[in-house]
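Below is one structure, written out as C-alpha coordinates; the observations come after it.
Predicted, not measured: the structure shown is a model, and the values here were computed from it.
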Amino acid sequence: MPPRRPTIFLARSALALGLCAMVPAPVSAAEAPAVPVPPPLPPERPSELKPAQPVEQKPAPTSEAAKPTPPVRPAELTPPTKDAAPEAQKPEIPTPPPTPPERPPELSGEAALALKVAPPDDTACRARLKRLGVAFEPLPPIAEGQCTAPLPLKVTKLADDIALPGGATLTCQVAESFARWATEVQVVAERTLKHPLTGLELGGTYVCRGQNHDVDAKLSDHAFAAAVDVMGFSFAGRASIPVKAMPAGTEDAEFLASVRGKACGFFRTVLGPGSNAAHANHFHFDERERNAGHRLCE
(Lines give C-alpha, C1' and ligand atoms only; values in the text may rest on other atoms or scores of the structure.)
Protein backbone atom coordinates (compact mmCIF):
# COMPACT_ATOMS: atom_id res chain seq x y z
CA MET A 1 0.00 0.00 0.00
CA PRO A 2 1.35 3.49 -0.86
CA PRO A 3 2.11 5.77 2.13
CA ARG A 4 -0.55 8.38 3.30
CA ARG A 5 1.65 11.06 4.93
CA PRO A 6 1.76 13.50 1.96
CA THR A 7 -2.00 13.43 1.71
CA ILE A 8 -2.48 14.23 5.45
CA PHE A 9 0.05 17.05 5.24
CA LEU A 10 -1.76 18.58 2.30
CA ALA A 11 -5.13 18.39 4.11
CA ARG A 12 -3.76 20.15 7.17
CA SER A 13 -2.25 22.94 5.08
CA ALA A 14 -5.52 23.53 3.30
CA LEU A 15 -7.36 23.80 6.66
CA ALA A 16 -4.90 26.37 7.97
CA LEU A 17 -5.30 28.53 4.88
CA GLY A 18 -9.06 28.40 5.26
CA LEU A 19 -8.93 29.63 8.86
CA CYS A 20 -6.66 32.51 7.94
CA ALA A 21 -9.10 33.58 5.27
CA MET A 22 -11.90 33.83 7.89
CA VAL A 23 -10.04 36.38 10.17
CA PRO A 24 -11.03 39.97 9.18
CA ALA A 25 -8.26 42.18 7.99
CA PRO A 26 -7.33 45.14 10.31
CA VAL A 27 -9.01 48.42 9.51
CA SER A 28 -6.73 51.27 8.72
CA ALA A 29 -6.87 54.63 10.48
CA ALA A 30 -8.16 56.26 7.30
CA GLU A 31 -11.14 53.89 7.12
CA ALA A 32 -12.25 54.38 10.93
CA PRO A 33 -15.57 56.32 11.48
CA ALA A 34 -15.07 59.99 12.35
CA VAL A 35 -16.05 61.17 16.00
CA PRO A 36 -17.47 64.74 16.10
CA VAL A 37 -15.50 67.28 18.19
CA PRO A 38 -16.97 68.40 20.63
CA PRO A 39 -19.40 65.52 21.30
CA PRO A 40 -23.14 66.32 21.04
CA LEU A 41 -25.02 67.51 24.20
CA PRO A 42 -27.74 65.21 25.73
CA PRO A 43 -31.38 66.29 25.26
CA GLU A 44 -32.69 68.82 27.81
CA ARG A 45 -34.50 67.34 30.88
CA PRO A 46 -38.28 67.90 30.86
CA SER A 47 -39.37 70.78 33.17
CA GLU A 48 -41.74 68.55 35.17
CA LEU A 49 -38.79 66.37 36.17
CA LYS A 50 -36.55 69.23 37.24
CA PRO A 51 -36.00 69.69 41.06
CA ALA A 52 -37.64 72.73 42.67
CA GLN A 53 -35.39 75.70 43.09
CA PRO A 54 -34.62 76.66 46.77
CA VAL A 55 -36.32 79.81 48.03
CA GLU A 56 -33.99 82.66 48.10
CA GLN A 57 -33.11 83.67 51.67
CA LYS A 58 -33.38 87.34 52.34
CA PRO A 59 -30.51 88.83 54.29
CA ALA A 60 -31.29 89.87 57.91
CA PRO A 61 -31.62 93.61 58.49
CA THR A 62 -28.36 95.12 59.55
CA SER A 63 -29.75 97.95 61.72
CA GLU A 64 -32.50 98.52 64.29
CA ALA A 65 -34.29 100.87 61.94
CA ALA A 66 -34.53 98.16 59.28
CA LYS A 67 -36.28 95.63 61.63
CA PRO A 68 -40.05 95.20 61.06
CA THR A 69 -42.36 96.42 63.85
CA PRO A 70 -44.78 93.74 65.26
CA PRO A 71 -48.50 94.47 64.97
CA VAL A 72 -50.23 96.12 67.92
CA ARG A 73 -51.87 93.60 70.33
CA PRO A 74 -55.69 93.88 70.40
CA ALA A 75 -57.05 95.62 73.49
CA GLU A 76 -59.30 92.67 74.42
CA LEU A 77 -56.22 90.41 74.61
CA THR A 78 -54.13 92.76 76.74
CA PRO A 79 -54.09 91.65 80.44
CA PRO A 80 -55.09 94.37 82.88
CA THR A 81 -52.37 95.73 85.13
CA LYS A 82 -52.64 96.19 88.87
CA ASP A 83 -52.80 99.93 88.53
CA ALA A 84 -55.16 99.88 85.56
CA ALA A 85 -58.35 99.73 87.63
CA PRO A 86 -59.81 103.19 87.94
CA GLU A 87 -60.13 104.68 91.35
CA ALA A 88 -63.88 104.90 90.90
CA GLN A 89 -64.18 101.08 90.98
CA LYS A 90 -62.53 100.67 94.40
CA PRO A 91 -65.01 100.14 97.25
CA GLU A 92 -65.27 103.09 99.52
CA ILE A 93 -64.31 102.51 103.15
CA PRO A 94 -66.61 104.41 105.47
CA THR A 95 -65.04 106.63 108.06
CA PRO A 96 -65.20 105.56 110.83
CA PRO A 97 -65.54 101.82 109.98
CA PRO A 98 -68.72 100.11 111.14
CA THR A 99 -68.71 98.48 114.56
CA PRO A 100 -69.38 94.71 114.82
CA PRO A 101 -72.83 93.64 115.97
CA GLU A 102 -73.35 93.33 119.69
CA ARG A 103 -73.02 89.92 121.32
CA PRO A 104 -76.37 88.34 122.20
CA PRO A 105 -77.25 88.83 125.90
CA GLU A 106 -77.36 85.05 126.51
CA LEU A 107 -73.69 84.79 125.50
CA SER A 108 -72.41 87.75 127.51
CA GLY A 109 -71.27 88.20 131.11
CA GLU A 110 -72.78 86.02 133.81
CA ALA A 111 -75.30 84.55 131.38
CA ALA A 112 -72.46 83.01 129.39
CA LEU A 113 -70.94 81.50 132.55
CA ALA A 114 -74.30 80.02 133.44
CA LEU A 115 -74.60 78.16 130.14
CA LYS A 116 -74.52 74.40 130.54
CA VAL A 117 -73.93 71.70 127.97
CA ALA A 118 -76.38 68.83 128.14
CA PRO A 119 -74.57 65.59 129.09
CA PRO A 120 -74.57 62.78 126.52
CA ASP A 121 -77.31 60.21 126.79
CA ASP A 122 -75.87 57.01 128.30
CA THR A 123 -79.09 54.98 128.36
CA ALA A 124 -77.79 52.45 125.84
CA CYS A 125 -74.50 52.14 127.75
CA ARG A 126 -76.31 51.37 131.00
CA ALA A 127 -78.33 48.69 129.24
CA ARG A 128 -75.10 47.05 128.07
CA LEU A 129 -73.72 47.11 131.64
CA LYS A 130 -76.78 45.21 132.87
CA ARG A 131 -76.35 42.59 130.14
CA LEU A 132 -72.70 42.19 131.22
CA GLY A 133 -73.83 41.41 134.77
CA VAL A 134 -72.50 44.63 136.29
CA ALA A 135 -74.12 45.92 139.51
CA PHE A 136 -74.25 49.74 139.62
CA GLU A 137 -76.35 52.69 140.73
CA PRO A 138 -76.49 56.28 139.42
CA LEU A 139 -74.90 59.07 141.46
CA PRO A 140 -75.66 62.83 141.53
CA PRO A 141 -73.64 64.96 139.08
CA ILE A 142 -70.14 65.84 140.29
CA ALA A 143 -69.00 69.49 140.05
CA GLU A 144 -65.93 70.50 142.08
CA GLY A 145 -64.53 73.48 140.24
CA GLN A 146 -63.05 72.07 137.04
CA CYS A 147 -63.50 68.48 138.24
CA THR A 148 -66.79 67.34 136.77
CA ALA A 149 -68.79 64.21 135.95
CA PRO A 150 -72.37 64.91 134.87
CA LEU A 151 -73.57 61.25 134.88
CA PRO A 152 -71.40 59.23 137.29
CA LEU A 153 -72.15 55.67 138.33
CA LYS A 154 -71.16 53.72 141.44
CA VAL A 155 -70.11 50.24 140.33
CA THR A 156 -70.08 47.64 143.11
CA LYS A 157 -69.74 44.29 141.35
CA LEU A 158 -68.67 42.95 137.95
CA ALA A 159 -69.61 39.78 136.06
CA ASP A 160 -68.99 36.41 137.79
CA ASP A 161 -69.51 38.20 141.14
CA ILE A 162 -66.11 39.89 140.94
CA ALA A 163 -66.18 42.20 143.96
CA LEU A 164 -65.01 45.81 144.06
CA PRO A 165 -64.52 46.62 147.75
CA GLY A 166 -65.59 50.24 148.34
CA GLY A 167 -67.06 50.48 144.84
CA ALA A 168 -65.86 52.50 141.86
CA THR A 169 -67.15 55.93 140.77
CA LEU A 170 -66.91 55.93 136.99
CA THR A 171 -68.63 57.18 133.87
CA CYS A 172 -70.66 54.55 132.06
CA GLN A 173 -68.18 54.36 129.17
CA VAL A 174 -65.21 53.65 131.44
CA ALA A 175 -67.27 51.26 133.57
CA GLU A 176 -68.14 49.26 130.44
CA SER A 177 -64.50 49.04 129.33
CA PHE A 178 -63.52 48.02 132.88
CA ALA A 179 -66.19 45.29 133.00
CA ARG A 180 -65.19 43.86 129.61
CA TRP A 181 -61.53 43.79 130.63
CA ALA A 182 -62.43 41.97 133.89
CA THR A 183 -64.04 39.14 131.89
CA GLU A 184 -60.71 38.70 130.04
CA VAL A 185 -58.87 38.70 133.39
CA GLN A 186 -61.13 35.87 134.58
CA VAL A 187 -60.17 33.77 131.53
CA VAL A 188 -56.44 34.40 132.11
CA ALA A 189 -56.75 33.53 135.83
CA GLU A 190 -58.39 30.17 135.16
CA ARG A 191 -55.93 29.31 132.37
CA THR A 192 -52.69 30.50 134.02
CA LEU A 193 -53.36 30.13 137.74
CA LYS A 194 -56.11 27.48 137.71
CA HIS A 195 -58.04 29.59 140.24
CA PRO A 196 -61.01 31.91 139.53
CA LEU A 197 -60.81 35.66 140.09
CA THR A 198 -63.02 36.86 142.97
CA GLY A 199 -62.15 40.53 143.44
CA LEU A 200 -60.15 43.58 142.36
CA GLU A 201 -58.46 45.91 144.82
CA LEU A 202 -58.78 49.49 143.59
CA GLY A 203 -56.59 52.43 144.49
CA GLY A 204 -58.87 55.18 143.18
CA THR A 205 -61.45 56.10 140.57
CA TYR A 206 -62.89 59.63 140.92
CA VAL A 207 -60.38 61.97 142.60
CA CYS A 208 -60.19 65.73 141.95
CA ARG A 209 -56.42 66.09 141.39
CA GLY A 210 -53.72 66.73 138.82
CA GLN A 211 -51.77 64.08 136.98
CA ASN A 212 -49.42 62.03 139.20
CA HIS A 213 -50.79 64.02 142.21
CA ASP A 214 -48.96 67.14 140.95
CA VAL A 215 -50.96 70.28 141.87
CA ASP A 216 -49.35 72.22 139.00
CA ALA A 217 -50.02 69.56 136.36
CA LYS A 218 -53.08 69.37 134.12
CA LEU A 219 -56.06 67.56 135.57
CA SER A 220 -55.93 63.79 135.64
CA ASP A 221 -58.69 61.71 134.06
CA HIS A 222 -59.51 60.71 137.64
CA ALA A 223 -60.90 64.26 137.99
CA PHE A 224 -63.62 63.33 135.46
CA ALA A 225 -64.42 59.83 136.77
CA ALA A 226 -62.78 58.50 133.60
CA ALA A 227 -59.90 56.50 135.12
CA VAL A 228 -59.37 53.54 137.42
CA ASP A 229 -56.31 52.27 139.35
CA VAL A 230 -55.97 48.53 140.07
CA MET A 231 -53.72 47.66 143.02
CA GLY A 232 -54.18 43.86 143.16
CA PHE A 233 -56.18 40.71 142.31
CA SER A 234 -57.95 38.27 144.65
CA PHE A 235 -58.64 34.59 143.86
CA ALA A 236 -60.52 31.64 145.32
CA GLY A 237 -58.21 29.10 146.97
CA ARG A 238 -55.05 31.08 146.29
CA ALA A 239 -53.07 34.05 147.61
CA SER A 240 -53.80 37.42 146.03
CA ILE A 241 -51.37 39.00 143.56
CA PRO A 242 -50.35 42.63 144.09
CA VAL A 243 -49.42 44.79 141.13
CA LYS A 244 -45.64 45.25 141.23
CA ALA A 245 -42.48 44.08 139.48
CA MET A 246 -42.31 40.28 139.68
CA PRO A 247 -39.41 37.86 139.07
CA ALA A 248 -39.34 36.90 135.42
CA GLY A 249 -40.58 33.40 134.62
CA THR A 250 -42.99 33.08 137.56
CA GLU A 251 -46.69 32.46 137.01
CA ASP A 252 -47.50 35.69 138.91
CA ALA A 253 -45.35 37.68 136.46
CA GLU A 254 -46.95 35.86 133.54
CA PHE A 255 -50.44 36.64 134.85
CA LEU A 256 -49.72 40.36 135.38
CA ALA A 257 -48.12 40.73 131.95
CA SER A 258 -51.05 39.01 130.27
CA VAL A 259 -53.84 41.06 131.93
CA ARG A 260 -51.85 44.26 131.32
CA GLY A 261 -51.67 43.48 127.62
CA LYS A 262 -55.41 42.71 127.53
CA ALA A 263 -56.14 46.17 128.97
CA CYS A 264 -54.57 47.84 125.90
CA GLY A 265 -57.51 46.56 123.86
CA PHE A 266 -60.08 48.33 126.07
CA PHE A 267 -58.42 51.56 127.28
CA ARG A 268 -56.56 54.37 125.51
CA THR A 269 -54.03 54.69 128.35
CA VAL A 270 -52.42 51.75 130.18
CA LEU A 271 -49.60 52.40 132.65
CA GLY A 272 -47.99 50.23 135.34
CA PRO A 273 -44.70 49.04 136.86
CA GLY A 274 -41.87 50.10 134.57
CA SER A 275 -43.75 53.05 133.06
CA ASN A 276 -42.56 55.51 135.73
CA ALA A 277 -42.12 55.72 139.50
CA ALA A 278 -45.69 57.00 140.04
CA HIS A 279 -47.14 53.75 138.63
CA ALA A 280 -44.75 51.24 140.18
CA ASN A 281 -47.44 49.64 142.40
CA HIS A 282 -50.64 49.74 140.32
CA PHE A 283 -52.19 49.66 136.85
CA HIS A 284 -53.68 52.91 135.60
CA PHE A 285 -56.43 52.74 132.96
CA ASP A 286 -58.23 55.69 131.33
CA GLU A 287 -60.06 56.74 128.17
CA ARG A 288 -58.19 59.96 127.34
CA GLU A 289 -58.58 60.86 123.66
CA ARG A 290 -55.44 61.80 121.73
CA ASN A 291 -54.66 63.09 118.26
CA ALA A 292 -55.22 60.60 115.42
CA GLY A 293 -56.57 58.01 117.85
CA HIS A 294 -53.14 57.46 119.44
CA ARG A 295 -53.03 55.05 122.39
CA LEU A 296 -50.49 55.00 125.22
CA CYS A 297 -49.80 51.41 126.26
CA GLU A 298 -46.70 51.07 128.44
Problem - Between Asp252 and Thr250: side-chain donor-acceptor atoms closer than 3.5 Å - result: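 The answer is no; no qualifying pair exists.
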Handout entry: Any side-chain donor near an acceptor of the partner, Ser177 and Glu287, under 3.5 Å
Key =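 A pair is found: one side chain offers a donor N or O, the other an acceptor, under 3.5 Å apart.
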Considering only heavy atoms from C-beta outward, does the side chain of [X] approach that of [Y] to under 4.5 Å?
X: Leu193; Y: Arg238; result: yes
X: Gln173; Y: Asp122; result: no
X: Leu158; Y: Val134; result: yes
X: Phe255; Y: Phe233; result: yes
X: Val188; Y: Lys262; result: yes
X: Leu256; Y: Met246; result: yes

Given the rule that I, L, V, M, F, W and Y join up when any side-chain heavy atoms are under 4.5 Å apart, are [X] and [Y] in one cluster?
X: Leu139; Y: Val174; value: no
X: Leu200; Y: Met231; value: no
X: Leu153; Y: Phe224; value: no
X: Leu271; Y: Ile241; value: no

Handout entry: Candidate pair Val185 and Val259, rule side-chain contact (heavy atoms from CB on, under 4.5 Å), full reasoning
Key = CA-CA 6 Å; Val185 175; Val259 299; 3.9 Å; yes
Flag, side chain of [X] to backbone of [Y], donor-acceptor distance under 3.5 Å:
X: Trp181; Y: Cys264; result: no
X: His195; Y: Ala236; result: yes
X: Asn276; Y: His279; result: yes
X: Arg260; Y: Pro273; result: yes

Practice task
Can you label the angle between the Phe285 ring and the Phe283 ring as parallel, tilted or perpendicular, going by 30° and 60°?
Solution key: parallel
Ignoring hydrogens, what is the shortest heavy-atom contact between [X] and [Y]? Give both atom names and the distance.
X: Arg209; Y: Ala223; answer: O-CB, 4.0 Å
X: Leu151; Y: Pro120; answer: CD1-O, 3.1 Å
X: Ala253; Y: Pro247; answer: CB-O, 3.3 Å
X: Arg288; Y: Asp286; answer: N-OD1, 3.0 Å
X: Val230; Y: Val243; answer: O-CG2, 3.6 Å
X: Phe136; Y: Arg126; answer: CZ-O, 3.8 Å

Problem - Steps toward side-chain hydrogen bond (donor to acceptor under 3.5 Å, both in side chains) verdict (Asp221, His284) - result: CA-CA 10 Å; Asp221 277 62; His284 170 87; over 6 Å; no
Handout entry: Interatomic distance, Cys208 atom SG to Leu219 atom CG [nearest 0.5 angstrom]
Key =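 Those atoms lie 6.5 Å apart.
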Practice task
First locate atom OG1 of Thr198, then atom CG of Asp161, and finally report the distance between them rounded to the nearest 0.5 Å.
Solution key: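 One gets 10.0 Å once the value is rounded to the nearest 0.5 Å.
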Practice task
Might you confirm whether atom CD of Glu137 has over 12 heavy atoms from other residues, nucleotides or ligands at distances under 6.0 Å?
Solution key: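 Check passes, neighbour count above 12.
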Exercise for the section: Could you walk me through whether Glu201 and Ser240 pass side-chain contact (heavy atoms from CB on, under 4.5 Å), step by step? Expected result: CA-CA 10 Å; Glu201 182 183 351; Ser240 61; over 6 Å; no
Exercise for the section: Only counting residues at least two apart or in another chain, list the ones meeting side chain to side chain contact (heavy atoms under 4.5 Å, CB included) with Ala149. Expected result: Ile142, Pro152, Ala225
Practice task
Check side chain to side chain contact (heavy atoms under 4.5 Å, CB included) between Gln186 and all other residues, then give those that pass, not counting sequence neighbours.
Solution key: Asp160, Ile162, Ala189, Glu190, Pro196, Leu197
Practice task
Start with the C-alpha distance between Glu251 and Lys194, add both sets of side-chain angles, then the distance that settles salt bridge (Lys or Arg N to Asp or Glu O under 4.0 Å), and finish with yes or no.
Solution key: CA-CA 11 Å; Glu251 66 177 12; Lys194 306 298 188 291; over 6 Å; no
Exercise for the section: Applying salt bridge (Lys or Arg N to Asp or Glu O under 4.0 Å), name anything that partners Glu254, two or more places apart in sequence or on another chain. Expected result: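 For Glu254 there are no salt bridge (Lys or Arg N to Asp or Glu O under 4.0 Å) partners, ignoring immediate neighbours.
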Practice task
Could you please spell out the steps behind the salt bridge (Lys or Arg N to Asp or Glu O under 4.0 Å) verdict for Glu184 and Arg180?
Solution key: CA-CA 7 Å; Glu184 296 291 332; Arg180 294 185 183 279; over 6 Å; no
Handout entry: Given Leu202, Thr205, Leu129, Val155, the one that forms side chain to side chain contact (heavy atoms under 4.5 Å, CB included) with Phe178
Key = Leu202
Problem - salt_bridge(Glu176, Arg128) N-O dist < 4.0 Å - result: yes
